[in-house]
Protein chains: 2
Amino acid sequence: MLKAERHKYIMTKLIEDQKVVTTDLALALDLSEDTIRRDLNELDSKKLLEKVYGGAVQVKEKSANVFDIAITAEEQKKQIVSKALSLLHDDQVIIMSGGSTNLVFAKLIPADLKATIYTYSLPIAMQLSQHPNIDLIFIGGKMQKNAMVTIGMDVIQVVSKIKADICFIGASSINIKQGLTEVGYEISIVKKAMIEASDRVVSMFASNKLNTKMPHGVCDLTQLDTIVTELDPEDERLDEYRKSGVFIL
Amino acid sequence: MLKAERHKYIMTKLIEDQKVVTTDLALALDLSEDTIRRDLNELDSKKLLEKVYGGAVQVKEKSANVFDIAITAEEQKKQIVSKALSLLHDDQVIIMSGGSTNLVFAKLIPADLKATIYTYSLPIAMQLSQHPNIDLIFIGGKMQKNAMVTIGMDVIQVVSKIKADICFIGASSINIKQGLTEVGYEISIVKKAMIEASDRVVSMFASNKLNTKMPHGVCDLTQLDTIVTELDPEDERLDEYRKSGVFIL
DNA sequence: TTATTTATTGCATATAAATGCATTATTTTC
DNA sequence: GAAAATAATGCATTTATATGCAATAAATAA
């Protein structure tokens, strides 16, 4: 009996019974339990089933819920963005780009802050729509699906008319020479417009983004007012950035 | 019996009865209470339930998550909106208003439909952003927070320039004399613009919205092309609506 | 074809997990 | 506060798993 046949048998059996037991399969297929276990491990690593002690069960369906956004290293991001909370004041006009760091930031904005926030990120807008005192303006346009942000001329047009006190820009990559750079061209354009429209430009990111580069330039370091990472502002990895004149929080 | 099965049993039982009792489970599953306790502790540490003295109870709703939108009577809504799926065709330009019925509709749009959809509802945009073949355009503006939709002149301006094949309008209330009516003035204006912009106007709602009234008029029945409820199209409760010439699905 | 490599399988062994029991600690109830 | 119920802990036993090894089968190269 070929391995492929066995795997098929196992998967059929699994659907039938919601589970398979190693010893039963060994008996039914007249093979050693070792082989069955190896099969189960293989199927498990292909995510076709879930190996458990004594056998295997069906993979529980991935919540399939569009609305729960996974944030990697959320704790680290909380640590970063909480430093930036001091930059917020009542009556500011704020622009926020997308990105999970900014999303974490949005969650932590104090409930009593009264401000106007422009954003073009769906998750951030969802988050801020729960905020009692924020005037929230969503910048419409064509959706870029994976990032859940709007892009394109519509966005640029709106952004370029805003007179903002401060903007928070997520960063794909940053380095000394090229400054902020982005994976996508469209996003880079929008961010340029954001910077143009804001008195103060803040970028928050984890230190692993330092000294990396993406294809599309956004701005050089001199155009950034403040950067925020999880590092101590005096950390030597930030030395060169400090020299460039950007304020490090 | 595999541990995974047991855990599943326990969780099912927990949902059924709101609680589980260690001794009962031990009896039902023919295992020592020790094992049950170990199971409960394990599930507790995974935050799937809360261990208490003598057994376990359901973990209290966190629901602090902005992103899980509660949809009441989701099954009924699925039933309604699935009737309307036949109205969808490739290459249509579609406008969708907000509302949980439309959200359910968005979830059910077939993955292979190629169309352009305009919406001003955050949850609907989130949902559709998962769709591989939909060109999605979000209509920006000031957010009305509780409804998670944009409103105002910005929205009207964009909507009035769309040439749509079909629009799907959620309904607060509908009756024979006043037609569609809305709670909020702003929303009513936006819906008027949607109707103006669309060749075909569809409204989906549960039958309990029939013969009710809200302060702000949207349109009369003659402007609606199709209405969809959970009722049989021949149901007598729809008699008067049928006479008005609207198509009932 | 033959020689060589690569996969598959079963077995032996060491390790790990699960379970129940006895004992002790803790919590609840009265 | 005392009695009863429930939990936690260590330990022994059973069962399942991983791993290296050898035998065999299958695929590949020469």
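Between the side chains of A:S121 and A:N102, no donor-acceptor pair of N or O atoms lies under 3.5 Å.
Residue A:R37 has its side chain nearest to D:dT17 when only C:dG10, D:dT17, C:dA18 are considered. Side-chain proximity of A:N41 to D:dA18, C:dC11, C:dG20: nearest is D:dA18. Closest approach to the B:D34 side chain among D:dT17, C:dT8, C:dA22 is made by C:dA22 (side chain taken as heavy atoms from C-beta onward).
Nucleic acid contact for A:V52: sugar-phosphate only, since backbone atoms but no base atoms lie under 4.0 Å from a heavy atom of the residue.
Note on A:T35: every side-chain N or O is 4.0 Å or more away from OP1 and OP2 of C:dT9. In this model, the phosphate group of C:dT8 is approached by a side-chain N or O of A:K3 to a distance below 4.0 Å at OP1 or OP2. The side chain of A:S32 contributes no N or O atom lying less than 4.0 Å from OP1 or OP2 of C:dC11.
Not a single donor-acceptor contact under 3.5 angstrom links the side-chain atoms of B:Y53 to the base of D:dA7.
Around atom CG of A:D232, more than 12 heavy atoms belonging to other residues, nucleotides or ligands sit under 6.0 Å away. Atom CD of B:E16 has more than 12 neighbouring heavy atoms from other residues, nucleotides or ligands inside a 6.0 Å radius.
Salt bridge annotation for A:R6-A:E42: absent, with no cationic side-chain nitrogen under 4.0 angstrom from a carboxylate oxygen. Between A:D235 and A:R237, at least one side-chain N (NZ, or NE/NH1/NH2) sits under 4.0 Å from a carboxylate O, which counts as a salt bridge.
Here B:F138 and A:F138 bring their ring centres to under 6.0 angstrom of each other.
One can place CG of B:D39 at 10 Å from C1' of C:dT19, the figure rounded to the nearest angstrom. Whole-Å rounding puts the B:E33 CD to C:dT26 C1' distance at 16 Å. D:dA18 atom P lies 6 Å from atom NZ of A:K51, rounded to whole Å.
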Could you list, one pair per line, each protein nitrogen or oxygen that sits under 3.5 Å from a nitrogen or oxygen of nucleotides 22-28 of chain D, together with the distance?
none

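Atom CE of B:M148 and atom OH of B:Y120 lie 15.0 Å apart (nearest 0.5 Å).
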